[in-house]
Amino acid sequence: MEQAPRFPYDFIDQVIVSEEEIKTRVVELGEQIASDYKDSKNLLLLGLLRGSVVFMTDLMRNIHLPMTLDFMSVSSYSGTSSSGFVRIDSDHKTNIQGWDVILIDDIVDSGYTISTVKKLLLDRKPNSLKVCALLDKEESHKVGLTIDYYGFKIPDYFVVGYGLDIDEKGRNLPYIASVDLKRYRK
Ligand code: IMP
Ligand code: MG
């Protein structure tokens, strides 16, 4: 009998963060955020589409506080490299003035996306603004920035899964896996 392939995409190299590790860490992050924001009256999780969606929907169910959510869509990537130019494709709906905003993203690579969006949001006068990213490629930062909450620090691999994609593929994987770029065909 033919064995089922280990991964549903043939360009996957190896699992970097397992489903179990993600689950455990997301519970911890939710608890930490709930404790830090227990006195907040207006907590908003603001996710960057589309990569943050899987992380955000799991994270918010582990924050046992009143809160709301909103989304923005920005793009800076084409293929596997950041262009450095960040474009706002669709803006959030909430007027964030006076809100405690936590900006949620899937991964920080060069840091251009988060630092650009942070500047823009600060102009809109939130009460506070913090950043939460599932993954941080710390060695790849090209701008100085603070990630207030992160799930895992990873080396400079190109990864997919748990919301992260390569040309829209791979978002449905329940774990984080590295891409074998030699085997990857568009
Ligand atoms: P930055 O602006 O270079 O920090 O890039 C951040 C954005 O690039 C993230 O929101 C992701 O959408 C995308 N990105 C960066 N690295 C990866 C990766 O390894 N896999 C998938 N997307 C990535
Ligand atoms: Mg993204």
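For ligands, and for the atoms within them, numbers begin at 1 and follow the listed sequence.
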With a 4.0 Å cut-off, would you call [X] and [Y] a salt bridge?
X      : Y     : value
Lys38  : Asp36 : no
Glu168 : Arg50 : yes
Lys93  : Asp70 : no

(request) Could you see which bit of Val159 sits under 4.0 Å from ligand 1, with heavy atoms only: side chain, backbone, both or neither? (result)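 Contact part for Val159 vs ligand 1: both backbone and side chain.
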(request) Measure Asp109 to ligand 1 on non-hydrogen atoms and call it side chain, backbone, both or neither using the 4.0 Å cut-off. (result)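 Both backbone and side chain.
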Proximal atoms of ligand 1 relative to [X] (non-hydrogen, under 4.0 Å):
X      : result
Asp105 : 9 (C), 10 (O)
Tyr157 : 19 (O)
Leu164 : 20 (N), 21 (C)

(message) Evaluate Ile33 against Ile102 for side-chain contact (heavy atoms from CB on, under 4.5 Å), listing each step before the verdict.
(response) CA-CA 9 Å; Ile33 290 171; Ile102 307 180; 3.6 Å; yes
(request) Start with the C-alpha distance between Asp13 and Arg183, add both sets of side-chain angles, then the distance that settles side-chain contact (heavy atoms from CB on, under 4.5 Å), and finish with yes or no. (result) CA-CA 9 Å; Asp13 191 22; Arg183 258 189 291 160; 4.2 Å; yes
(request) Work out whether the distance between some heavy atom of Lys137 and some atom of ligand 1 is less than 4.0 Å. (result)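 Judged by the 4.0 Å heavy-atom criterion, Lys137 does count as contacting ligand 1.
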(request) Measure the distances from the heavy atoms of Gly111 to every atom of ligand 1 and state whether one is below 4.0 angstrom. (result)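 Yes, Gly111 has heavy atoms under 4.0 Å from ligand 1.
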(request) Using distance alone, with no hydrogens and no angle criterion, decide if Asn127 and Asp100 have a side-chain donor and acceptor under 3.5 Å apart. (result)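 Yes, Asp100 and Asn127 have a side-chain donor paired with an acceptor closer than 3.5 Å.
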(message) I want to know if ligand 1 touches Val160 in the polar sense, i.e. an N/O pair below 3.5 angstrom.
(response)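 Between Val160 and ligand 1, no N or O pair is found under 3.5 Å apart.
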(message) Angle between ring planes, Phe55 versus Tyr162, binned at 30° and 60°: parallel, tilted or perpendicular?
(response)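 If you compare the ring of Phe55 with that of Tyr162, the planes turn out tilted.
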(request) Compare Asp165, Thr113, Val86, Ile107 and give the one whose heavy atom is closest to atom 2 (O) of ligand 1. (result)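 The residue whose heavy atom sits nearest atom 2 (O) of ligand 1 is Thr113.
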